[in-house]
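Since the structure comes first, as C-alpha cells, the remarks are kept for the end.
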Number of protein chains: 2
Amino acid sequence: MAETTETGLPRAVAIAWGMQEVPQRGPNRGLSHERIVAAAIEIADAEGLAAVTMQAVAKSLGFTTMSLYRYVSGKDELLRLMQDAAVAVPEKVSLPGDWREALRVWAGLVRDAFHAHPWVLGIPRGQVSVLMPNSVRVADLGLAALRDLPLADEEKIGVILTVSQYVTSTVELELNLADEGVVAVTPEGLDLLSQVVTPDRYPHLAPVLLAGNYLETQPVATGADEGIDAGYEFGLELIISGLDRRVHGQSARGVGDGA
Amino acid sequence: MAETTETGLPRAVAIAWGMQEVPQRGPNRGLSHERIVAAAIEIADAEGLAAVTMQAVAKSLGFTTMSLYRYVSGKDELLRLMQDAAVAVPEKVSLPGDWREALRVWAGLVRDAFHAHPWVLGIPRGQVSVLMPNSVRVADLGLAALRDLPLADEEKIGVILTVSQYVTSTVELELNLADEGVVAVTPEGLDLLSQVVTPDRYPHLAPVLLAGNYLETQPVATGADEGIDAGYEFGLELIISGLDRRVHGQSARGVGDGA
DNA sequence: ACCTGAACACCGTTCAAGT
DNA sequence: ACCTGAACACCGTTCAAGT
C-alpha cells in the first residue's frame with residue numbers, strides 16, 4: 001500500500017537513498033530533505049517525539065510550515081526518514097572473529113542506537129522499511145557477524161531479525177519501566193494489589209509478587225542499570241546458546257559430529 | 001511518573017482491577033469504565049486505532065465527548081485500559097506437561113491475542129503496566145509453563161519476558177510487512193536499488209539482495225503465511241533450545257567444560 | 001452526581017497566491 | 001521553482017452551566 005514513485009520504490013526509500021531529485025532551479029532558499037530530517041531529529045532528541053510537529057520543525061529552520069510539504073509528502077514520510085537516520089551505526093566497525101562475540105557486539109550496536117534516540121521506539125509501526133539505508137547497513141553487518149556460520153541465507157536473516165527484534169523490545173521495556181516507574185507502586189499499593197492477585201487465582205505469580213521478586217525483577221527500582229543489563233544479556237545469551245546448539249547439529253534431530 | 005491515586009497504585013491499574021469506585025448516586029445514565037473501553041475496542045477492531053478519538057467513542061455510546069472525562073482521566077488512560085483488555089487469554093487453558101511444549105503453547109496464546117487485536121501494537125509505548133489484570137494473568141500462565149524448571153523466580157520471569165517480547169516484535173514485523181507490502185518494490189525498483197546497494201559497500205547483504213533471498217525472506221510476497229510462521233518458529237525454537245541447554249548446564253560461553 | 005454546550009489551543013493538510 | 005498566507009477540518013481538553 002505504500003505509495004510507490006515512478007522509480008518503483010516507496011518514496012521514503014527513494015528519498016533516503018538520495019534518488020528523489022529535488023527539481024531545482026528557482027529561488028531555493030536552502031531547504032532540503034537532509035536539513036528537514038536533521039531539524040526534526042534535533043527536536044525529538046531534545047523534547048521528545050510529541051514535540052515534533054510540522055510547525056515546530058519548520059519554525060526551527062526559519063520557514064513556514066507549508067514549505068516542508070515540497071520536500072516531504074506528509075508527516076508519515078518525515079517520521080520514516082527520521083527513523084532510518086536515527087538508527088545509524090558507526091562508519092567503521094570491526095567485528096570479532098568468533099561469531100558469538102560478533103553477534104554480541106552487533107546487538108550492542110543496535111542497542112546503542114536506540115539508547116541514543118529512544119524516541120524511535122515511539123514512531124507508529126507499520127512504517128519501517130527494511131530497504132532504508134541504515135537498515136540495509138545494519139543487516140549487512142549482521143550477516144558479516146554470521147559470516148562463518150554454516151547456515152543458509154534465509155536462516156541467517158532469520159537470526160538477525162530475531163536478535164534485532166529482541167534488542168528492540170528489551171530497550172522498549174526498559175524505557176517503559178523508566179518512565180512508568182515501578183516506584184509508582186507504594187507499599188500500600190502492593191498491599192491492595194495482593195488482595196486481588198491471590199494465590200488461588202494466580203497460583204504461580206502471587207507468591208512471586210508477594211516475595212517482591214516480580215517487581216524487583218523489573219529493574220529501575222534500584223536506579224542501577226545492573227538489573228536491566230542482566231536481563232538483556234540473559235535473553236541474548238539464550239538466543240546465542242540456542243543458535244550454537246543448532247549449528248552444532250544437536251537440536252531435536254539428533255546428536256551430531258564431534259567437531 | 002505515572003499518576004498515582006490515593007490507593008498507592010497507578011490510576012489505570014486501580015480502574016482495571018475494579019478498585020476505582022465511581023462515586024454513584026445521581027442521574028447515572030449508564031456510562032461506565034467497562035462500556036467505554038468496550039466501545040473503544042470495537043472501534044479499534046473495526047477501523048483501526050486512529051479512528052479511536054474521544055469524540056468517536058462518546059458518539060458510539062450516545063454521549064457527548066466530555067462525559068468520558070468523568071470516568072477516564074484522558075486519552076492516555078483509555079489507551080492503557082484498552083491495551084490490557086485486548087490481550088485477554090482464554091479463561092480455561094491447559095498447558096502440556098513438557099515445559100518446551102508448554103512454552104510454545106503459551107507463546108501461541110500471546111500471539112493469538114495480538115492477531116485478534118493488532119492495533120494494540122500501535123499504542124504509544126511507555127504505557128504498559130505489568131500490573132494490569134491481563135498482564136498478570138499472562139505472566140501467571142508463563143510461570144506455570146516453567147513450573148518444573150530448576151530456575152530461580154527471577155530467571156523464569158526473564159524467560160517469559162524474553163519470549164513475550166520476541167512474540168510481540170514478530171507480530172509487529174509481520175504486520176509492518178503486511179501493510180507496507182514488499183510488493184511495493186517492483187522489479188525496476190529492485191534494479192535501481194541494486195545500483196546503490198553494491199557489493200563493495202554491502203559485501204554481505206548485496207549478494208543476498210540480488211539473489212532475491214532478502215526480500216523473499218520477508219514474507220507476504222507469496223501471500224502465504226508459511227514464511228511468516230516459519231520465521232516465528234525459527235526464533236522461538238532458538239530461545240527454547242538455548243533455555244534447554246542452559247537448564248542442562250552447558251551455556252554457550254563455557255562450551256569447553258563438557259556436560 | 002452526572003452530563004452538556006460552548007470554547008480554546010493545537011494539529012496536519014489544502015489551495016491559491018506571491019516572487 | 002520555491003515559499004507564503006489564509007483557511008479548513010479535526011483533535012484533546014477546560015470550564016462553567018444545567019438537571
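By convention in this document, chain letters (A, B, ...) are assigned in the order of the sequence lines, proteins followed by strands, and residues within each chain are numbered from 1.
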Which atom pairs, one a donor and one an acceptor, fall under 3.5 Å between side chains of residues 61-68 of chain B and the rest of the protein, sequence neighbours left out?
| unit_1 | atom_1 | unit_2 | atom_2 | d |
| --- | --- | --- | --- | --- |
| B:S67 | OG | B:T64 | O | 2.6 |

Which donor-acceptor pairs under 3.5 Å do side chains of residues 107-116 of chain A form with protein atoms, sequence neighbours excluded?
| unit_1 | atom_1 | unit_2 | atom_2 | d |
| --- | --- | --- | --- | --- |
| A:R111 | NH1 | A:D229 | OD1 | 3.3 |
| A:R111 | NH2 | A:E174 | OE1 | 3.4 |
| A:R111 | NH2 | A:D229 | OD1 | 3.0 |
| A:H115 | NE2 | A:E174 | OE2 | 2.9 |

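Among residues at least two apart or in separate chains, there is no side chain to side chain donor-acceptor pair (under 3.5 Å) pair with a member in residues 53-63 of chain A.
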Item to check | Which nucleotides of DNA chain C pair, in dot-bracket form (Watson-Crick or G-U under 3.5 Å, | meaning another strand) | outcome: ||.|||||...|||||.||
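Rounded to an integer number of Å, the gap from CZ of B:R70 to P of C:dA1 is 9 Å. Here D:dC2 presents its P atom at 11 Å from NE2 of A:H33, a figure rounded to the nearest Å. Rounded to whole Å, atom P of D:dC2 lies 16 Å from atom CG of A:L61. Per the geometry, CG belonging to A:L31 stands 13 Å off C1' belonging to D:dT4, to the nearest Å. To the nearest angstrom, P of D:dC3 lies 5 Å from CZ of A:F63.
In this structure, CG in A:L161 is found 8.5 Å from OG1 in B:T170, a value given to the nearest 0.5 Å.
Taking the salt bridge (Lys or Arg N to Asp or Glu O under 4.0 Å) definition, one finds that B:R137 meets it with nothing, sequence neighbours left out. Every side-chain hydrogen bond (donor to acceptor under 3.5 Å, both in side chains) that A:T198 has, sequence neighbours left out, goes to A:D200. Shown here are the side-chain hydrogen bond (donor to acceptor under 3.5 Å, both in side chains) partners of B:T162, two or more places apart in sequence or in another chain: there are none. Residues that satisfy the ring-ring contact (aromatic ring centres under 6.0 Å, His included) test with B:W119, not counting sequence neighbours, are B:H117.
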Item to check | Annotated protein contacts, base or backbone, on nucleotides 5-14 of chain C with a non-hydrogen cut-off under 4.0 Å, one of B, S, - each | outcome: BB----SBBB
